Structure formats: structure tokens, C-alpha cells
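Notes follow the structure.
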Amino acid sequence: MAEDEFTDINGKAISLQCQSHSNFCREFTVSAPKLSLRRIMVYTCSVWLVAYVVFFLTQNTAVLSSAIFITLVGMMLHIHLVKIDHETLLIVGSLGVQVSSSYASGRESTTFIEMSKIKDIVINEAIYMQRVIYSLCILLKDPSDPDAVSTVVPLFQSSKPRLNCLVKVYRSCQEILAQC
């Protein structure tokens with residue numbers, strides 16, 4: 001099991017954990033930093049301070065109650081639906097690819113793609129806001145035309161690793177695909 005330090009497209013530290021179960025089975029986990037308690041406290045205090053100022057000017061207690069309710073619901077929704085702690089790619093040579101995302105709340109989302117539906121795994125580049133952003137993608141075969149691509153499934157969309165991290169995963173995936 002190897003763990004390397006990389007950065008995402010914004011320069012934040014992420015880690016890539018590679019685990020080889022056999023010659024035909026490898027697992028890659030990209031982990032993002034945990035939630036920052038300092039950031040949560042700053043946002044919460046800012047919202048509550050603004051709510052207190054509005055309350056002081058209007059003398060309406062509903063302002064304070066709604067500010068508390070909105071921040072608590074917002075934090076719960078962010079933890080349960082948005083903040084992904086780690087993303088996992090499990091590639092099994094003869095079977096397929098499993099993509100999992102683990103959220104900060106403990107919720108997991110998993111997708112499985114059969115090997116017969118996979119045309120290739122590629123590194124795709126996109127231009128966004130005067131930057132070139134790379135992403136690892138699975139190309140799915142078109143059922144009507146096996147030489148055509150029907151769908152592109154992007155991987156590691158939350159952690160957004162840089163090219164050097166994607167190349168490491170890509171090379172390993174290509175080794176397994178070549179053996180099939």
C-alpha cells in the first residue's frame with residue numbers, strides 16, 4: 001500500500017492511496033482534507049453577527065431564529081450532500097470498475113461499470129477560466145456502434161487532482177486494461 005501527497009487544481013493538499021489486491025485488481029483512493037473547524041466557525045460567526053446587527057436595528061427576534069436555523073440546516077446539507085472526504089476507484093480486470101464517493105456525513109455513493117461497456121480510460125483536458133484542467137475519464141461504448149463512444153464518465157470530480165496524480169492512476173489502469 002503506497003500513499004503519496006499531491007495537490008488539487010487549487011493547490012490544496014490531497015493524498016493518493018494505491019492498493020494492489022492482485023495483478024488484475026487495484027484500488028485508488030483520493031482523499032481531500034477534512035472540514036476546517038476554523039472555517040466553519042468564521043462562517044457561522046459572520047452569519048450570526050450580521051443577524052444580530054439586523055436584530056438590533058429591527059428588534060425582530062425572527063431574524064436571530066432564522067439565522068440559527070439557516071446556518072444549522074446549511075451545515076447539515078453541506079456535510080451530507082456536498083463535502084466528499086474521499087473518492088475511490090476500484091478496477092478489476094475481468095469484471096469492471098467501481099467508483100465510490102464517501103461524504104463527510106458517512107454517506108456513500110457507489111457506481112459500478114461492467115468491463116464489457118468500457119471502451120477506454122483516458123485523461124481528458126478542458127480549458128476553464130484561462131487554465132487547463134485535466135480529468136480522468138472512462139469512455140463507454142455505444143451499444144449500437146462498438147467503435148463509437150456513447151458517454152464520458154469523469155472520475156475524481158470532487159477532489160480534482162492535478163495531472164501528476166492522474167497520470168499515476170492512468171498508467172495503472174492501462175496496465176490492467178491491457179491484460180484483459
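Keep in mind that what you see is a predicted model, and the values were worked out from it rather than measured. What you see below is based on every heavy atom in this structure, not just the backbone, and it leaves out hydrogens, waters and symmetry mates. Residue numbers run from 1 in the order of the sequence given.
Contacts of D8 classified as salt bridge (Lys or Arg N to Asp or Glu O under 4.0 Å), with partners at least two apart in sequence or in another chain: none. With sequence neighbours left out, E108 forms a salt bridge (Lys or Arg N to Asp or Glu O under 4.0 Å) with no residue at all. Listed by chain and number, the residues in a side chain to side chain donor-acceptor pair (under 3.5 Å) with D142 are S144 (sequence neighbours excluded). Residues forming a side-chain contact (heavy atoms from CB on, under 4.5 Å) with S22 (at least two apart in sequence, or on another chain): F24, C25.
Residues I14 and I9 do not share a hydrophobic cluster, defined by chaining ILVMFWY side chains whose heavy atoms lie under 4.5 Å apart. Grouping the Ile, Leu, Val, Met, Phe, Trp and Tyr side chains by contacts below 4.5 angstrom, directly or via other members, places V132 with F6. Cluster annotation: V167 and I138 are assigned to the same hydrophobic cluster (Ile/Leu/Val/Met/Phe/Trp/Tyr, side-chain heavy-atom contacts under 4.5 Å, transitive). Note: the hydrophobic cluster containing I123 also contains V153 (ILVMFWY, side chain heavy atoms under 4.5 Å, direct or indirect links).
From I176, atom CD1 reaches atom CD1 of I91 across 5.0 Å, with rounding to the nearest 0.5 Å. To the nearest 0.5 Å, atom OG of residue S102 and atom NZ of residue K83 are 11.5 Å apart. The OH atom of Y43 sits 13.0 Å away from the CZ atom of R38 when rounded to the nearest 0.5 Å. The distance from atom OG of S94 to atom CE of M115, rounded to the nearest 0.5 Å, is 7.5 Å. Rounding to the nearest 0.5 Å places CD1 of I121 at 9.5 Å from OH of Y170. The line from CZ of F28 to SG of C173 is 5.0 Å long, rounded to the nearest 0.5 Å.
A donor-acceptor pair under 3.5 Å is formed between the side chain of S66 and the backbone N or O of V63. A distance-only check finds a donor-acceptor pair linking the side chain of T71 to the backbone of I68 [under 3.5 Å].
Listed by first and then second residue, the salt bridge (Lys or Arg N to Asp or Glu O under 4.0 Å) pairs involving residues 169-180 are R26-E175 (not counting sequence neighbours). The side chain to side chain donor-acceptor pair (under 3.5 Å) analysis of residues 151-160, with sequence neighbours excluded, yields the pairs E87-S159. Evaluation of the salt bridge (Lys or Arg N to Asp or Glu O under 4.0 Å) test over residues 147-157, restricted to residues two or more places apart or in two chains, returns none. Judged as a side chain to side chain donor-acceptor pair (under 3.5 Å), the pairs with a partner in residues 120-139 (not counting sequence neighbours) are, in order, D120-Q174.
Through direct or relayed side-chain contacts under 4.5 Å between Ile, Leu, Val, Met, Phe, Trp and Tyr, V152 connects to V122, L139, V149. Hydrophobic clustering, defined by side-chain heavy atoms of Ile, Leu, Val, Met, Phe, Trp and Tyr closer than 4.5 Å, groups L90 together with V92, L95, F112.
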Identify each donor-acceptor pair in which a side-chain atom of residues 75-82 lies under 3.5 Å from a protein atom, sequence neighbours left out, and give them as a table.
| residue | atom | partner | partner atom | Å |
| --- | --- | --- | --- | --- |
| H80 | ND1 | S105 | OG | 2.9 |

Return all side-chain donor-acceptor pairs below 3.5 angstrom for residues 49-60, not counting sequence neighbours, or 'none' if the list is empty.
| residue | atom | partner | partner atom | Å |
| --- | --- | --- | --- | --- |
| T58 | OG1 | V54 | O | 2.8 |
| T58 | OG1 | N60 | N | 3.4 |
| Q59 | NE2 | F56 | O | 3.1 |
| N60 | OD1 | A62 | N | 3.1 |

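Closest approach of K141 and S150 over heavy atoms only: O-OG, 3.1 Å.
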